[in-house]
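The block underneath contains the structure these notes are about, expressed in structure tokens.
Chain letters run A, B, ... following the sequence lines, proteins first and then strands; every chain starts at 1.
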2 protein chains.
Amino acid sequence: MPTETTSTRAPSGARSLEHPDRADIRLADVLHALADPMRLRIVRVLAAAEDELNCADIELPVSKSTCTHHFRVLREHGVIHQLYRGTAKMNGLRRDDLEELFPGLVDSVLRAADLQAGRLGEE
Amino acid sequence: MPTETTSTRAPSGARSLEHPDRADIRLADVLHALADPMRLRIVRVLAAAEDELNCADIELPVSKSTCTHHFRVLREHGVIHQLYRGTAKMNGLRRDDLEELFPGLVDSVLRAADLQAGRLGEE
DNA sequence: ACCGTAGTACGACGCTTATCGTATGAGCCT
DNA sequence: AGGCTCATACGATAAGCGTCGTACTACGGT
């Protein structure tokens, strides 16, 4: 595809991101997504925030590409949803879907993370 | 070591296994341990059993060495405890420790696994 | 029309992991 | 004592993952 740029696969206005249907979210995948310290950190920040957050709003000690990678893992495993708004990409927890599928799971993980952070003297 | 057989490193009577102290158990490690389908299966069986279980009591579609591997991961990450009884090795969930560290976490994971199994028509 | 900013794509690298097979060790039973 | 069974140790192998840097795309503002 030499000269054409927009017809490659672009749908319409906003770029679209692939999200798994609720029914396709697997427990092992969710646990795996949460098992990484960096991603757990992202999820904690997202859970604490009222609104959806920009990727860059979450400070992480990793490069931008690595950051993209972690957000994608979270999205593809059904933990967060993402959508483009202008040049930014907004992120939010899929609380409703997860609560419906695995009642109480996310809350207990977040609570466990809080408790452990307190125990270890972090925040 | 040609002729010597027993002095290689054998301690005393019962072989001893390394377990992490409760304070050293990390949430990310526990989640990681539970994120594998095979190990989640082991944990579910262990949770359903009243008594401690022999390794071989849990049927897994993997080789024996792989089985040993998964049990060790669960033990080293603080999810189960193991002890030798005669020729067998008994396994049990570290329910108390985990409940103290991460209240409700194990229960919600087990419940989530049950729900998902029901949804997928397995058991 | 241009540039800057936000994020992606892609390839690379090193480490971890899930799996296996075979050989070995530890304890029970006859 | 000898054999049986449960489980380990030790490679080996192949796949996956976290990380990075650089090059690229997509929007929005001036």
Side-chain angles (χ1 to χ4, degrees), chain A residues 1-18 28-29 31-42 52-77 80 82-91, chain B residues 1-18 26 28-29 31-42 52-77 80-91:
Chain A
M1 53 221 72
T3 51
E4 292 261 69
T5 51
T6 52
S7 68
T8 307
R9 84 82 118 90
S12 56
R15 288 165 284 177
S16 61
L17 277 326
E18 284 274 321
D29 289 340
L31 293 176
H32 177 237
L34 297 175
D36 181 273
M38 218 58 72
R39 291 195 290 262
L40 189 51
R41 191 160 155 174
I42 293 174
E52 303 190 323
L53 289 181
N54 188 323
C55 281
D57 288 342
I58 304 176
E59 283 187 30
L60 292 177
V62 291
S63 78
K64 216 158 44 155
S65 3
T66 304
C67 195
T68 297
H69 162 71
H70 285 307
F71 276 100
R72 186 172 50 205
V73 171
L74 287 171
R75 171 172 48 89
E76 290 180 343
H77 289 4
I80 67 173
Q82 302 184 287
L83 65 91
Y84 287 102
R85 196 162 67 198
T87 171
K89 185 157 78 174
M90 306 312 287
N91 304 278
Chain B
M1 58 219 69
T3 51
E4 293 259 69
T5 51
T6 52
S7 66
T8 308
R9 119 359 169 113
S12 56
R15 289 163 284 176
S16 60
L17 279 326
E18 285 273 321
R26 291 290 165 268
D29 288 341
L31 292 177
H32 178 234
L34 297 175
D36 181 274
M38 220 56 74
R39 289 194 290 263
L40 188 52
R41 192 158 154 176
I42 293 174
E52 303 190 322
L53 288 181
N54 188 322
C55 280
D57 288 343
I58 304 175
E59 283 188 30
L60 292 177
V62 292
S63 80
K64 219 160 35 158
S65 5
T66 303
C67 195
T68 298
H69 162 71
H70 285 306
F71 275 100
R72 185 171 51 205
V73 171
L74 287 170
R75 170 170 51 84
E76 290 179 345
H77 289 5
I80 67 172
H81 58 84
Q82 303 184 286
L83 67 90
Y84 287 101
R85 197 161 68 198
T87 171
K89 186 159 76 173
M90 305 312 286
N91 305 277

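Rounded to an integer number of Å, the gap from NZ of B:Lys64 to C1' of C:dC20 is 14 Å. For A:Leu83 and D:dC27, the CG to P distance is 14 Å, given to the nearest whole Å. The nearest whole Å value for the distance from the CG atom in A:Leu60 to the P atom in C:dG7 is 12 Å. As rounded to whole Å, 16 Å separates atom C1' of C:dT19 from atom CZ of B:Phe71. Protein atom CD1 of B:Ile58 is 10 Å distant from nucleotide atom P of D:dA7, rounded to whole Å. Taking atom CG on B:Leu17 and atom P on C:dA26, their separation rounds to 14 Å, with Å as the unit. Taking atom CE on B:Met90 and atom P on D:dT5, their separation rounds to 19 Å, with Å as the unit. Rounded to an integer number of Å, the gap from A:Leu31 CG to C:dT17 C1' is 17 Å.
Distance alone, capped at 3.5 Å, is enough to place a donor-acceptor pair between the A:Asn91 side chain and the A:Leu53 backbone.
An OP1 or OP2 oxygen of D:dG28 is reached within less than 4.0 angstrom by no side-chain nitrogen or oxygen of A:Arg85. Here B:Arg72 reaches the OP1 or OP2 of D:dA9: one of its side-chain N or O atoms lies under 4.0 Å away. Between B:Asn54 and the phosphate of D:dT5, there is no side-chain N or O to OP1/OP2 separation shorter than 4.0 Å. Taking 4.0 angstrom as the limit, B:Ser63 places a side-chain polar atom (N or O) nearer than this to OP1 or OP2 of C:dC20.
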Going 5' to 3' along nucleotides 12-18 of chain D, which nucleotides have protein heavy atoms under 4.0 Å from the base (write B), which only from the sugar-phosphate (write S), and which from neither (write -)? -----SS
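Applying the side-chain hydrogen bond (donor to acceptor under 3.5 Å, both in side chains) criterion to B:His77, with sequence neighbours excluded, gives no partner residue.
Considering all non-hydrogen atoms of both residues, B:Leu31 and A:Leu34 come closest at CD1-O, 3.6 Å. Between A:Met38 and A:Asp36, the closest heavy-atom pair is N-OD1, 2.8 Å. Taking each heavy atom of A:Arg39 and A:His32 in turn, the nearest pair found is NH2-O, 3.4 Å.
You'll find that the side chain of B:Ala88 is closest to D:dC6, out of C:dC10, C:dT5, D:dC6.
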Please assess B:Phe71 against B:Ile58 for the test side chain to side chain contact (heavy atoms under 4.5 Å, CB included), listing each intermediate value before the final yes or no. CA-CA 11 Å; B:Phe71 275 100; B:Ile58 304 175; 3.9 Å; yes
Passes side chain to side chain contact (heavy atoms under 4.5 Å, CB included), B:Arg75 versus B:Glu18? Steps please. CA-CA 8 Å; B:Arg75 170 170 51 84; B:Glu18 285 273 321; 4.2 Å; yes
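Checking A:Thr87 against A:Cys67, the closest nucleotide of DNA chain D that is more toward the 5' end is the one next to A:Cys67.
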